[in-house]
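Note that ligands are numbered from 1 as they come in the structure, with each ligand's atoms numbered from 1 the same way.
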Amino acid sequence: MRMTQLLPLSDQSIANAAGILRGGGLVAFPTETVYGLGADACNAIAVASIFTAKNRPEFNPLISHVATVNAAFALGRKTPIAAALAAVFWPGPMTLVLTREDHCPIARLTSAGLDKIALRVPAHAEAQRLLTAFGGPVAAPSANMSGKISPSRATHVMQSLAGRIDLVLDGGACESGVESTIVDCTGAQAIILRPGGVTRDEIIRVLAAANLDPDIGNPPAPDSDSAPVSPGQLASHYAPNAALRLNVETAATDEILVGFGIIAGSGDQPLSLSATGDLSEAAAKLFDLLHQLDAMKLPKIAIAPIPETGLGEAINDRLRRAAAPR
Ligand code: TXA
Ligand code: MG
């Protein structure tokens with residue numbers, strides 16, 4: 001249980017909010033679309049607590065918010081399509097999915113292990129002030145409990161998340177209430193992953209004016225077992241190359257065991273999602289560890305049982321997807 005403060009926007013409350021973000025806390029703040037539930041995008045433990053607060057049973061990749069177009073392109077690779085869209089629609093209700101730049105400090109949990117990251121430069125003046133005061137990318141999904149409608153007022157956020165987050169900055173009603181349009185800019189054609197505040201026609205017009213391919217590509221096919229889908233549930237979701245076996249207490253001789261809690265991993269320096277059995281730590285480490293194991297080119301990986309409580313549900317969901325036959 002957290003003490004949730006509700007504060008009107010002021011220099012003081014924005015400075016408080018930036019301090020809370022620096023300390024790994026959770027701050028809800030207004031944007032011109034909906035209220036976001038923000039955490040330091042580079043702090044995997046803080047990002048894990050977003051999922052706990054929202055009671056999310058799976059890890060959807062999150063949008064990272066920054067104050068300026070330059071800050072965005074320092075994190076995600078600028079393509080001609082991205083440059084054209086950013087020039088017209090940023091700051092604004094537009095999110096661009098870009099390839100993570102080398103040395104991008106955004107935590108892998110923020111992008112749910114994907115090599116692509118979603119970036120947005122919001123136009124809302126107070127969101128801008130918060131992002132400038134914090135000085136780094138802020139991961140923020142809509143500030144509501146999982147499965148509930150997106151909040152367009154601070155009171156909606158309080159009704160949904162009071163006691164679960166540290167601060168709500170009250171900036172009154174959001175201008176639009178419709179989420180940002182999400183466009184994947186990593187390929188030869190722009191792909192609209194989620195319709196939103198910026199329309200398809202506006203996007204086509206801007207691409208044509210910049211002499212780029214004005215056709216909008218189709219999103220990749222969703223997982224066969226889970227329709228309908230949000231973009232985060234797409235089959236392109238990161239999966240390791242190695243075969244994964246779950247709920248393993250004793251590894252076979254050809255497997256490397258990743259431990260959790262009292263079950264220690266195999267090897268001299270035992271790999272573990274969390275030696276103390278801390279689910280936030282396990283969530284924070286999950287995608288880094290999967291990437292690390294992939295880089296080691298191990299054929300078979302076994303994972304110790306993770307309890308199906310709290311964040312364990314999201315961790316197990318992701319592990320089951322990673323272990324599913326493909
Ligand atoms: O207007 C908005 O976009 C609000 C405000 C707070 O910015 N945010 C918002 O976030 O709606 P959320 O988490 O509710 O939705 C983000 C969507 C998810 O459906 C997620 O799957 C997708 O963005 N997304 C994030 N990163 C992605 C990535 N790397 N690739 C594909 N989709 C991504
Ligand atoms: Mg949402």
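Close contacts between ligand 1 and K116 involve ligand atoms 29 (N) [criterion: under 4.0 Å to a heavy atom]. Short contacts between ligand 1 and P141, defined as distances under 4.0 Å to a heavy atom of the residue, involve ligand atoms 10 (O), 12 (P), 13 (O). Listed by atom number, the atoms of ligand 1 under 4.0 Å from T33 heavy atoms are 1 (O), 2 (C), 5 (C). Atoms of ligand 1 found under 4.0 Å from any heavy atom of L114, numbered from 1 in the order shown, are 28 (C), 29 (N), 30 (N). The distance from ligand 1 to the heavy atoms of I182 drops below 4.0 Å at these ligand atoms: 17 (C), 22 (C), 23 (O).
Ring centroids of F59 and F51 are separated by less than 6.0 Å, placing the two rings close together.
R164 places a side-chain N or O within donor-acceptor distance of the main-chain N or O of T52, the cut-off being under 3.5 Å. Within the 3.5 Å criterion, the main-chain N or O of M94 finds no donor-acceptor partner in the side chain of S180.
The shortest N/O to N/O separation between H65 and ligand 1 falls below 3.5 Å. Taking any N or O of T95, backbone or side chain, none lies under 3.5 Å from an N or O belonging to ligand 1. Any N or O atom pair closer than 3.5 Å counts here, and E179 shares no such pair with ligand 1. Residue R120 has at least one N or O atom closer than 3.5 Å to an N or O atom of ligand 1.
Of the candidates H124, Q128, R129, E126 forms a side chain to side chain donor-acceptor pair (under 3.5 Å) with just one, namely R129.
At a heavy-atom cutoff of 4.0 Å, ligand 1 is contacted by the side chain of L193 but not by its backbone. Of the heavy atoms in S111, none comes closer than 4.0 Å to ligand 1.
Residue V178 is found outside any hydrophobic cluster, as its side-chain heavy atoms come under 4.5 Å of no other Ile, Leu, Val, Met, Phe, Trp or Tyr.
Ring geometry, W90 versus F73: the interplanar angle falls from 30° to 60°, so the pair is classed tilted.
When side chains are defined from C-beta on, I256 does not count as touching K300, because their heavy atoms never get closer than 4.5 Å.
For the 3.5 Å distance criterion, the side chains of R120 and T33 qualify, holding a donor opposite an acceptor.
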